[in-house]
Amino acid sequence: MSNYHIKHLEEYYQVYRKSIREPENFWEEVAEEHFMWRKKWDKVLSWDFSKPEVKWFEGAELNITENCIDRHLTTRGNKTAILFEPNSPDEPAEHITYNDLYKRVNKFANVLKAQGIKKGDRVCIYLPMIPELAISVLACARIGAIHSVVFAGFSSSALATRINDSDCKMVITSDGSYRGAKSIDLKGIVDDALEDCPGVNSVLVAKRINSDIAMKEGRDFWLQPLLDEASGECQAEIMKAEDPLFILYTSGSTGKPKGMVHTTAGYMVYTAYTFKNVFQYREEDIYWCTADVGWITGHSYIVYGPLANGATSVMFEGVPSYPDFGRFWEIVEKHKVTQFYTAPTAIRALAKEGVGYLDKFDLSSVKVLGTVGEPINEEAWHWYDDNVGKKKAPIVDTWWQTETGGIMITPIPFVTPTKPTYATLPFIGIQPALMDENGQEIKGNQVDGRLCIKFPWPSMARTIWGNHQRYKDTYFSAYDNKYFTGDGALRDEVGYYRITGRVDDVIIVSGHNLGTAPIEDAINEHPAVSESAIVGFPHDIKGNALYGYVTLKEFGETRDHNNLRKEINQLITEQIGPIAKLDKIQFTAGLPKTRSGKIMRRILRKIASKDISNLGDTSTLLNPEVVQDIIDHAK
Ligand code: WT7
């Protein structure tokens, strides 16, 4: 027996030990017993972190959609697979059963084929949180096309960069999207992006807001008529275990976004297994993750993980504040949600509005609460525990990354005793290590260091699309023979982990991963700007907000350039998206630099956080005098 479902702490330790001592036997049993294979593997694992190269279940053949849909049809055909809750509470929810999903995915897959999409082709999906998003993802997987979902809050230029980086042939979008009281012209954004994307031959457009949009003859097609004509049967393409399943972009601390490549078999096994255990999922549950499918959380824990377990996964189109701050709780009551998985930033925003919105609704169906995306502060943790879980629903603080594909450090509810702000223990098969500045592993407890992973796990990203060297440099070069996460962490006296935050130039704002370099590049495009540096500072709701130090070509008398502030944020919105806008902009005469010309962000970070008591040694700076000037005029 593979211990697919862990039920108590002793069992966790026992299974964990086995997964470390005999990883190949352990994962082979899980894979063997719980999935549908067209052909079994020849070798469970081969790996070499120095190349780096990792292969799981080599030789195996499968299609992930047969695991997420087909195999459930005999036992769960009429069960709801995707429960779509629209933006407006006045629009009825849609229950898409496994039978419906089968038909809709197969039809969509046939449409893709008719448009000339073949195995291995890249398809960009730029859709709001409507059923077509999950369906198009699965339709790509059905025919072996590699999906690249781009979050529909990214700007046209960010979209174009991502489309071109992976040479997508097609874009799937909609006529628009609803977000609270607003509607957004998504097709217009796609049209702008495609001015710079010569490789895109066709655009499929789903109807959502019935807006009057321009359709380019020969390139743009309304989706519905094509689906109406397509057959509801499409044979699943047989994929190799290590064939790419999708690309998902994540910000890097420098340069352009990184297209993380996830492959088929290992990703499926790990997301399904973590879903089952981290949410203690049971057949009758109604599971809701509030993330967007545009992020890894949505890929792994709205679509693939839940569906591989035959679960009902709620997909919510809207926002927590519309029509008011009770919307989440209304949905929990309406659908009797049993597992609720959200981000600390949402919890803080809701907590600020008070418990009045919660008290109106019956939340007694909730068994497990989850958080993800950034460290959760103690106050938010307790608010969640007291008011949403009523102290009866354990909180799983799940640490992981786009790169890891699945949850890595987390409590298992009803199994691992929780501790506020701690992600607690490594999940089965995960071997964390804390490293010191000299590259040595720090053993023992009550220590802190940089978080690495020592051994491969099935859902790790295999490369960066088109740039394997960058994959090696970013993740496997800081420490010998280890995957470096970019996060700092501490390990307490019992071995629980607490993630302390990024140790590189990535800033997490409202749970969104933002690299400083692309934002600085956007600002520097302004003709008046000579240089800029972005740092994070603590923010009550967003966790971190962005503070920009900007030097101008002509500094002049005044430091209040309000128009310029607006223009800078406008540029950022155009280049990246509104999520990367700066909360504070300070115009400065210069930026503190080392003698080699490197900006000393450490000092800027401290000033932005109003923590100037201990700025450290500034004597090595090329221009120490600017520091006082920056402090004097800090925002
Ligand atoms: C970074 C990865 C994994 C899905 C969402 C984010 C931070 C994530 C936690 C947590 C503290 C967390 C880390 C990580 N992070 N979860 N539970 N506690 N920090 O994916 O956009 O790839 O971001 O998010 O800093 O490295 P991502």
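Every number for a ligand or one of its atoms is a count from 1 in the order of the listing. Here, residue 1 is the first one in the sequence, and each next residue gets the next number.
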Under 3.5 Å, N or O to N or O, is Ile376 touching ligand 1 that way? no
Assess the side chains of Thr485 and Tyr475: does a donor N or O sit below 3.5 Å from an acceptor N or O? no
Checking the N or O distance criterion of under 3.5 Å, is ligand 1 in contact with Thr485? no
Within 45° cone of Phe484 ring axis and under 6.0 Å: Arg450 NZ or CZ: no
Only pairs at least two apart or in different chains count here, so list each side chain to side chain donor-acceptor pair (under 3.5 Å) that has a residue in residues 429-443. Glu441-Lys454
Distance flag, aromatic centroids of Phe151 and Trp295, threshold under 6.0 Å: yes
Apply the side-chain contact (heavy atoms from CB on, under 4.5 Å) test between Tyr422 and each candidate in Leu490, Thr416, Asp397, Ile376; give the one that qualifies. Leu490
Which of the numbered atoms in ligand 1 are under 4.0 angstrom from any heavy atom belonging to Ile508? 1 (C), 7 (C), 13 (C), 24 (O), 25 (O)
Does the pair Arg327/Glu85 count as a salt bridge with the N-to-O cut at 4.0 Å? yes
Atom 3 (C) of ligand 1 - nearest protein heavy atom and its distance: Trp400 O, 3.2 Å
If you take the nearest heavy atom of each of Asn513, Asp397, Leu514, which one is closest to atom 21 (O) of ligand 1? Asn513
For atom 5 (C) of ligand 1, which candidate among Thr297, Thr398, Ile499 holds the nearest heavy atom? Thr297
Show me which atoms of ligand 1 lie under 4.0 Å from any heavy atom of Val372. 3 (C), 4 (C), 5 (C)
Please check if any side-chain donor atom of Tyr287 sits under 3.5 Å from a side-chain acceptor atom of Asn309, or the reverse. no
Quick check on side-chain contact (heavy atoms from CB on, under 4.5 Å): which of Leu425, Thr424, Leu434 does Tyr497 satisfy it with? Leu434
Protein residue, atom and distance nearest to atom 6 (C) of ligand 1, heavy-atom basis: Gly373 CA, 4.1 Å
Who's closest to atom 25 (O) of ligand 1 heavy-atom-wise, of Thr410, Ile409, Leu451, Asp487? Asp487
Measure from atom 10 (C) of ligand 1 to every heavy atom in Arg498, His512, Glu374, Met408 and give the option owning the shortest one. Glu374
Residue Thr402 vicinity, atoms of ligand 1 by number, heavy atom under 4.0 Å: 20 (O), 21 (O), 22 (O), 27 (P)
Quick note on ligand 1: atoms under 4.0 Å from a heavy atom of Ile296 include exactly 4 (C)
